[in-house]
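Everything numeric here is computed off the predicted structure, so don't read it as measured data. Along the sequence shown, residues are numbered consecutively beginning with 1.
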Amino acid sequence: MNEKEIIELEDKIMANTFSKRQRVITRGKGALVWDINGNEYIDCMGSYGVSIVGHCHPKVVEAVHRQVEKLIACHASFYNDARSEMLKKLSSIAPKGLGSIFVSNSGAEAVECAIKLARKYSGKTDIIAMVGAFHGKTMGALSATWKKKYREPFMPLVPGFKHVPPNNLEKVREAITDKTAAVIVEPVRGEGGVLVPSDDFLPGLREICDEKDVLLIFDEVQTGFGRTGKVFACEHWNVVPDVMCLAKSVAGGLPMGATFAREDVMAAFQRGEHSSTFSGNPLVCAAASAAIDVLVEERLPERAATLGGYFKGKLEDLAEKYKIVREVRGLGLMLGMEMRFDVYNILLGCLDRGVLVLDAGRNVVRFLPPLVIEKEQIDRVIGVLDEVIGKENR
Ligand SMILES: Cc1ncc(COP(=O)(O)O)c(C=O)c1O
């Protein structure tokens, strides 16, 4: 099929739930992708934060090749070598104390598991989430998600969810009742605008949850796996949650979610109370093992910290230069640039000049590049942004 046929076919048959960019991407390597016409793009979307180890990392490719010849499917009612290898590696990078893992297939599923687990462990129903939060779009995860646009068409959602403003410990304290099972929070808010919390917020939440006997759930679906300059963002504040969600990047680009929990918390699930047919699929597990090896061997969190600092500095230079840039923020290679207007034209301008960037709400340009991105590629991205923002600034 040619470009036009592919676009027409997807538009006709695929559910119309994604805002499409008019490019057919067919190939990727490291921080680069190519379209069907051979045009090259620097990928600062990283497939919405998935491609942390880069596109088609040779170690992931090799692990998938090896496993695909051996065994593709194996239900978790049997033991499996690829799965146990992956679990060993994943627990070796997990925050201390989170010794038990439920493996699923996506971020929303990792959150669903956390919500069910909180209810089951505590025997209570209610969950406190943050204003502006994004936790996914399945019914439970959506109930924790803030945005009206996502929620309202699907009312009524799961009962018992309440939203409080972030960075406001008093409001959290006031919202907790004897029905509260857990507080859920993204350590750095992603989709809701790339917002780093105030220094006391996450440690304060930990204290309140301990005091009130409420579980603390961190949604590290976007922040996890080295993205912010630590393996998990919670390490920036030395706070360990009771339950933690991870997905996006963990299997090097293949679909996988993981819910980590304290062993005594996960033990609340009885057999059959939570499962998924694909949980711990061997092919995905082989990819995840390779991705974890790459994360550790290539010191990707350190790389995210260093290159993130460099990238952020360059974005700040642009903010100095152009008054339409309101603020630059973020941690590691999870960066946002808030503009004084809708960023749609900036996304398109970048796309036309060979750079893929994301939005985060109406007026924030978001950068989630692979952590293997090169400094020289960041310079090229900055050059393109300079040109595109310069045009808009006139
Ligand atoms: C913090 C967070 N939680 C959950 C999700 C949902 O993940 P998925 O799209 O894999 O269901 C996302 C996706 O962007 C996310 O950023």
Using residues 304-316 as the side-chain source, report each donor-acceptor pair under 3.5 Å to any protein atom, sequence neighbours left out, with the distance given to one decimal.
from: Thr306; atom 1: OG1; to: Glu302; atom 2: O; distance (Å): 2.9
from: Tyr310; atom 1: OH; to: Asp379; atom 2: OD1; distance (Å): 2.5
from: Tyr310; atom 1: OH; to: Asp379; atom 2: OD2; distance (Å): 3.4

Check whether more than 12 heavy atoms from other residues, nucleotides or ligands sit under 6.0 Å from atom CD of Glu5, and answer yes or no.
-> yes

Check whether any side-chain heavy atom of Val53 sits under 4.5 Å from a side-chain heavy atom of Leu371, and report yes or no.
-> no

Can a salt bridge be assigned to the pair Glu170 and Arg173 using a cut-off of 4.0 Å between side-chain N and carboxylate O?
-> yes

Minimum heavy-atom separation for Ile52 to Phe225, with atom names?
-> CD1-O, 3.3 Å

Would Tyr322 and Asp386 satisfy side chain to side chain donor-acceptor pair (under 3.5 Å), going step by step from the backbone distance to the final call?
-> CA-CA 9 Å; Tyr322 299 112; Asp386 196 354; 2.4 Å; yes

Taking atom NZ of Lys20 as the centre, report whether more than 12 heavy atoms of other residues, nucleotides or ligands fall under 6.0 Å from it.
-> yes

Return all side-chain donor-acceptor pairs below 3.5 angstrom for residues 73-81, not counting sequence neighbours, or 'none' if the list is empty.
from: His75; atom 1: ND1; to: Ser77; atom 2: N; distance (Å): 3.0
from: His75; atom 1: ND1; to: Ser77; atom 2: OG; distance (Å): 2.7
from: Asn80; atom 1: OD1; to: Ala82; atom 2: N; distance (Å): 3.0
from: Asn80; atom 1: OD1; to: Arg83; atom 2: N; distance (Å): 2.9
from: Asp81; atom 1: OD2; to: Lys70; atom 2: NZ; distance (Å): 2.7

Would you indicate whether the side-chain heavy atoms of Met130 and Phe201 approach each other to under 4.5 Å?
-> yes

Between Asp43 and Lys29, is the closest basic N to carboxylate O distance under 4.0 Å?
-> no

Does Glu298 come within less than 4.0 Å of Arg303, counting only side-chain N to carboxylate O?
-> no

Got a sec: does the CZ of Phe341 have more than 12 other heavy atoms crowding it under 6.0 Å?
-> yes

Ionic contact status for Glu387 with Lys391, cut-off 4.0 Å = no

Check whether any side-chain heavy atom of Thr145 sits under 4.5 Å from a side-chain heavy atom of Lys137, and report yes or no.
-> no

Kindly indicate whether the side chain of Gln377, heavy atoms from C-beta on, has any atom under 4.5 Å from the side chain of Val381.
-> no

Before accepting this row, confirm whether a basic side-chain N of the pair Glu376/Arg380 lies closer than 4.0 Å to the acidic partner's carboxylate O.
-> yes

Would you call Glu3 and Arg23 a salt bridge, using N to O less than 4.0 angstrom?
-> no

Would a distance-only check, ignoring hydrogens and angles, find a side-chain to backbone donor-acceptor pair under 3.5 Å from Lys120 to Ala268?
-> yes

Would Glu338 and Arg329 satisfy side chain to side chain contact (heavy atoms under 4.5 Å, CB included), going step by step from the backbone distance to the final call?
-> CA-CA 8 Å; Glu338 185 176 330; Arg329 49 188 188 244; 2.6 Å; yes

Looking only at atom types and distance, does a side-chain atom of Ser143 sit under 3.5 Å from a main-chain N or O of Val158, one as donor and one as acceptor?
-> yes

Contacts of Ala118 that satisfy side chain to side chain contact (heavy atoms under 4.5 Å, CB included) - sequence neighbours left out = Ile127, Ala181, Ala182, Leu215, Ile217

Compute the ring centroids of Phe134 and Tyr150, then answer whether they are less than 6.0 Å apart.
-> yes

Charged N to carboxylate O under 4.0 angstrom, Asp293 versus Lys89?
-> yes

Greater than 12 external heavy atoms within 6.0 Å of Asp317's CG | yes

Side-chain H-bond candidate by donor/acceptor type, Tyr121 with Arg262, under 3.5 Å | yes

Without hydrogens or angle criteria, can the side chains of Ser276 and Asn105 be said to hold a donor-acceptor pair below 3.5 Å?
-> yes

Between Glu112 and Lys116, is there a side-chain N and carboxylate O pair less than 4.0 Å apart?
-> no

Closest heavy-atom pair, Ala287 versus Val60, reported as atoms and distance to 0.1 Å, is CB-CG1, 4.1 Å

Just wondering, do Ile184 and Ile128 contact through their side chains at under 4.5 Å, heavy atoms?
-> no

Determine whether Ser51 and Ser249 make a side-chain contact, defined as any pair of heavy atoms from C-beta on separated by less than 4.5 Å.
-> no

Determine whether Lys162 and Thr177 make a side-chain contact, defined as any pair of heavy atoms from C-beta on separated by less than 4.5 Å.
-> yes

Salt-bridge criterion met for Glu220 and Arg227 (N-O under 4.0 Å) = no

Any side-chain donor near an acceptor of the partner, Asp126 and Thr180, under 3.5 Å | no

